[in-house]
Amino acid sequence: MKKLFIIIPLFLGGFLFSQKKTYKKPVRKTTTAKFNYNDEFKKISDEILTNGTAYDNLRELTKGIGSRFSATPGYNKAADWAEKKLKEAGAENVWRQEVKVPVWIRGRESLQIKTSNGDWKNIKMLSFGNSEGTGGKDLIADILLVKDVTELNTLTSAQVRDKIIFVNSLIDQTIVNTVDSYLIAAKSKLLSASVIGKKGAKALIIRSLTTALDDTPHAKMVYYEPDDRVKIPAVTIGVKSADELERLLKKQPVKAKINLSAESKGETTNPNIIGEIPGKKDSKVIVLGAQLDSWDFAEGAHDDGSGVVQCIEVLRALKALGINNNHTIRVVLYANSENGGQGRDAYAAYVKKKEEKHIFALGSDSGGYSPRGFSLDMPPQRRRQIFEWKNYFLPYGVYDFDQTYAIQDISPLKKLDIPLSELVVDTQRYFDYHHSVEDTFDKVNKRELLLGAVAMTQMIFIIDKNW
């Protein structure tokens, strides 16, 4: 009996082993692994901080081309340069979108002041963009100081008529976010040539909108209302000159002599420059935007050469890392942002006409300073999703996701229900140089510029993989 029990297990064991060999092992179903975003973000950062070309590109744009005001040869050179750089970065489709832009020529300009017993004294100044000139003739009148809107509203037309209005309105230095303080000041009707002109004034002089305490004038664009019977000249002066002029006016009458040969000469066309990497999954578009133009006297290093080269760097980094983007990643470099905004309006009209599906738009136009976060102008559910990714950005000093404005050239896309975002940077020095001759290449720090490009690329990457 014992032998039988021994034989049977052996027999059964052999039988079972032999049967087992005839079955194939079940194949386990594989699933696509989720991204380790900490690792992916580190790869992006390492690539850009080691091999990034944005700083060298910015040198070429600012020092090689210089000012690139709309309707000038400088802008045409910048457009050719941008096409070349987008192709070098790996854009597979690059094209031009022609835009109608105004032709405004600054020409010769001067401002002098004189007290009752003094001589004429030259004051550093800049005309507003698109300002009416004086036909190259001297416009001489008494200066009337206006400090705030309340004071302006109390003045009668008889008090204002034939005067040159001087507005010495300061940026509020107590507001920590300098973008907020600038926008509050810039929107004041005190700075409107139309408002001043309707009261009978001959010209407008304003204190430059800057946080700097120097005597460098900072440009601004003038807007005239369609019903303006007379379009008065408008100029800006540095803060030191503004404070000195106010001190003089508190003691005695002061005259101003303005001579501007500025004139408008109709329209021409300038191109938006567009380049993209097509999506591997679909044709939905993620767009990055920056303005290609600068003021006619400025290199425009921070405003907005930095944004231009950062957008190009995003494409270069994605290509260099071999990242297969699900959606089309598109860069739009806008024409005529400084002197009218026709480029941004033209692109938004193009998107609407083509009925292209855009899922996200990211702008950079606050300077090449250290990145601090992203403003999010989008529906709450989209904001909440980006909030969930916040910890991935924290190691790169990017923490501010609470702001909700997107005021740059991507803003017209909001009407098409496209989620908007803007790179938030440390802007404490931005308005020291904004719209002035001081906005030069040497004011940009290479590492800060590249870190901005890092944050932008990381955001584009994570949006592309999740939306």
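Looking only at distances, no side-chain donor or acceptor of Thr62 sits under 3.5 Å from a matching main-chain atom of Gly66. Remark: the backbone N or O of Ala290 is not paired with any side-chain donor or acceptor of Asp365 at under 3.5 angstrom. No donor-acceptor pair under 3.5 Å is formed between the side chain of Asp439 and the backbone N or O of Tyr433. With Thr72 contributing its side chain and Phe69 its backbone, the two residues share a donor-acceptor pair below 3.5 Å. Proximity of a side-chain donor or acceptor of Asn336 to a complementary backbone N or O of Gly343 within less than 3.5 Å is not detected. The backbone N or O of Ile410 sits nowhere less than 3.5 Å from a side-chain atom of Gln408 that would complete a donor-acceptor pair. With hydrogens and angles disregarded, a donor-acceptor distance shorter than 3.5 Å links the side chain of Ser375 to the backbone of Tyr405. Side chain of Glu40 to backbone of Asn36: no donor-acceptor contact under 3.5 angstrom is found. Counting only distance, with no hydrogens or angles, the side chain of Asp172 and the backbone of Ser181 share no donor-acceptor pair below 3.5 Å. For the pair Ser208 (side chain) and Thr210 (backbone), a donor-acceptor distance under 3.5 Å is absent.
A side-chain contact (heavy atoms from CB on, under 4.5 Å) with Ile113 is found for exactly one of Ile237, Asn122, Ile205, Ile143, namely Ile143. Here the options are Ile462, Ile463, Asn466, the test is side-chain contact (heavy atoms from CB on, under 4.5 Å), and the partner is Ile386; only Ile463 passes. Among Glu448, Glu299, Glu438, the one residue that satisfies the salt bridge (Lys or Arg N to Asp or Glu O under 4.0 Å) test with Lys443 is Glu438.
Within a 6.0 Å radius of NZ in Lys352, no more than 12 heavy atoms belonging to other residues, nucleotides or ligands are found. No more than 12 heavy atoms of other residues, nucleotides or ligands lie within 6.0 Å of NZ in Lys84, so this atom counts as exposed by the packing criterion. Open room surrounds CG on Asp119; 12 or fewer heavy atoms of other groups in view lie less than 6.0 Å from it.
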Stepwise salt bridge (charged side-chain N to carboxylate O under 4.0 Å, His left out) test for Arg207 and Glu246: CA-CA 10 Å; Arg207 177 196 184 100; Glu246 179 172 344; 5.9 Å; no
For Asn339 and Val101, run side-chain contact (heavy atoms from CB on, under 4.5 Å): C-alpha distance rounded to whole Å, both residues' side-chain angles, the deciding distance at 0.1 Å, then the answer. CA-CA 8 Å; Asn339 210 33; Val101 301; over 6 Å; no
Using the side-chain contact (heavy atoms from CB on, under 4.5 Å) rule, take Ser306 and Leu58 through it: C-alpha gap first, then chi angles, then the decisive distance, then the call. CA-CA 7 Å; Ser306 293; Leu58 184 62; 4.1 Å; yes
Where do Thr216 and Val437 land on the side-chain contact (heavy atoms from CB on, under 4.5 Å) test, with the steps shown first? CA-CA 8 Å; Thr216 301; Val437 295; 4.1 Å; yes
side-chain contact (heavy atoms from CB on, under 4.5 Å) assessment of Val331 paired with Leu86: CA-CA 8 Å; Val331 168; Leu86 282 167; 4.1 Å; yes
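Ring pair Tyr55/Phe441: centre-to-centre distance below 6.0 Å. Aromatic ring centres of Tyr369 and His302: separated by under 6.0 Å. Aromatic rings of His434 and Tyr182 (six-membered ring for Trp) have centroids within the 6.0 Å cut-off, being under it.
Atoms NE2 and CG, from His327 and Asp464 in turn, are 5.0 Å apart once rounded to the nearest 0.5 Å. One distance of note links CG of Leu152 with OG of Ser169; it measures 11.5 Å at 0.5 Å rounding. Note that OG of Ser131 and CG of Leu204 are 9.0 Å apart. Values are rounded to the nearest 0.5 Å. Between atom CG of residue Leu394 and atom OH of residue Tyr399 there is a gap of 10.5 Å, rounded to the nearest 0.5 Å.
Residues passing the ring pair (Phe, Tyr, Trp, His ring centres under 6.0 Å) test with Phe374, sequence neighbours excluded: Phe393. Residues forming a ring pair (Phe, Tyr, Trp, His ring centres under 6.0 Å) with Tyr224 (at least two apart in sequence, or on another chain): none. Legend: residues meeting side chain to side chain donor-acceptor pair (under 3.5 Å) with Lys284, ordered by chain and number and at least two apart, are absent. Under the rule for a ring pair (Phe, Tyr, Trp, His ring centres under 6.0 Å), the partners of His435 that lie at least two apart in sequence or sit in another chain are Trp295. Partners of Tyr37 under the ring pair (Phe, Tyr, Trp, His ring centres under 6.0 Å) rule, at least two apart in sequence or in another chain, are Phe35, Tyr392.
A salt bridge is defined here as a Lys NZ or Arg NE, NH1 or NH2 lying under 4.0 Å from an Asp or Glu carboxylate O, and Glu225 with Lys231 fails to meet this definition. Taking a cutoff of 4.0 Å between a charged side-chain nitrogen and a carboxylate oxygen, Arg106 and Glu109 qualify as a salt bridge. Glu60 and Lys85 are joined by a salt bridge, as a carboxylate oxygen and a charged side-chain nitrogen come within less than 4.0 angstrom of each other. The pair Lys77-Asp80 does not meet the salt-bridge criterion, since no charged nitrogen lies less than 4.0 angstrom from a carboxylate oxygen. Between Glu388 and Arg384 there is no salt bridge, since none of the side-chain N atoms of the basic residue sits less than 4.0 Å from a carboxylate O of the acidic one. Remark: Asp296 does not engage Arg68 in a salt bridge, criterion side-chain N to carboxylate O under 4.0 Å. Salt bridge Glu47/Arg316: present, at least one basic N to carboxylate O contact under 4.0 Å. The pair Glu356-Arg330 counts as a salt bridge, with a side-chain nitrogen and a carboxylate oxygen less than 4.0 angstrom apart. Using a 4.0 Å cut-off between charged side-chain N and carboxylate O, Asp377 and Lys414 make a salt bridge. Classification of Glu83 and Arg96 as a salt-bridged pair holds, one side-chain N sitting under 4.0 Å from a carboxylate O. The pair Asp46-Lys42 meets the salt-bridge criterion, with a side-chain N (NZ, NE, NH1 or NH2) lying under 4.0 Å from an Asp/Glu carboxylate O.
The side-chain tip of Lys257 points at the ring of Trp120 from less than 6.0 angstrom away and within 45° of straight on.
Side-chain atoms of Ser45 and Thr457, non-hydrogen and from C-beta on, never get closer than 4.5 Å to each other. Residues Leu139 and Ile164 meet the side-chain proximity criterion, which asks for heavy atoms closer than 4.5 Å. Between Asn168 and Ile206, the closest side-chain pair of non-hydrogen atoms is not below 4.5 Å. You'll find the side chain of Met378 stays beyond 4.5 Å of the side chain of Leu420, heavy atoms only. Two residues are said to be in side-chain contact when any heavy atoms from C-beta on lie closer than 4.5 Å; Lys265 and Ile105 meet this criterion.
Sorted by first and then second residue, the salt bridge (charged side-chain N to carboxylate O under 4.0 Å, His left out) pairs with a member in residues 333-351 read Arg344-Asp409; sequence neighbours excluded.
Using the six-membered ring where Trp is involved, Trp389 and Trp467 have ring planes that are tilted, between 30° and 60° apart.
Counted by atom type alone, Glu276 and Asn93 present one or more donor-acceptor pairs between their side chains at under 3.5 Å. For the residue pair Asp228/Ser194, the side-chain donor-acceptor check at 3.5 Å is satisfied. Between the side chains of Thr178 and Thr211, no donor N or O sits under 3.5 Å from an acceptor N or O.
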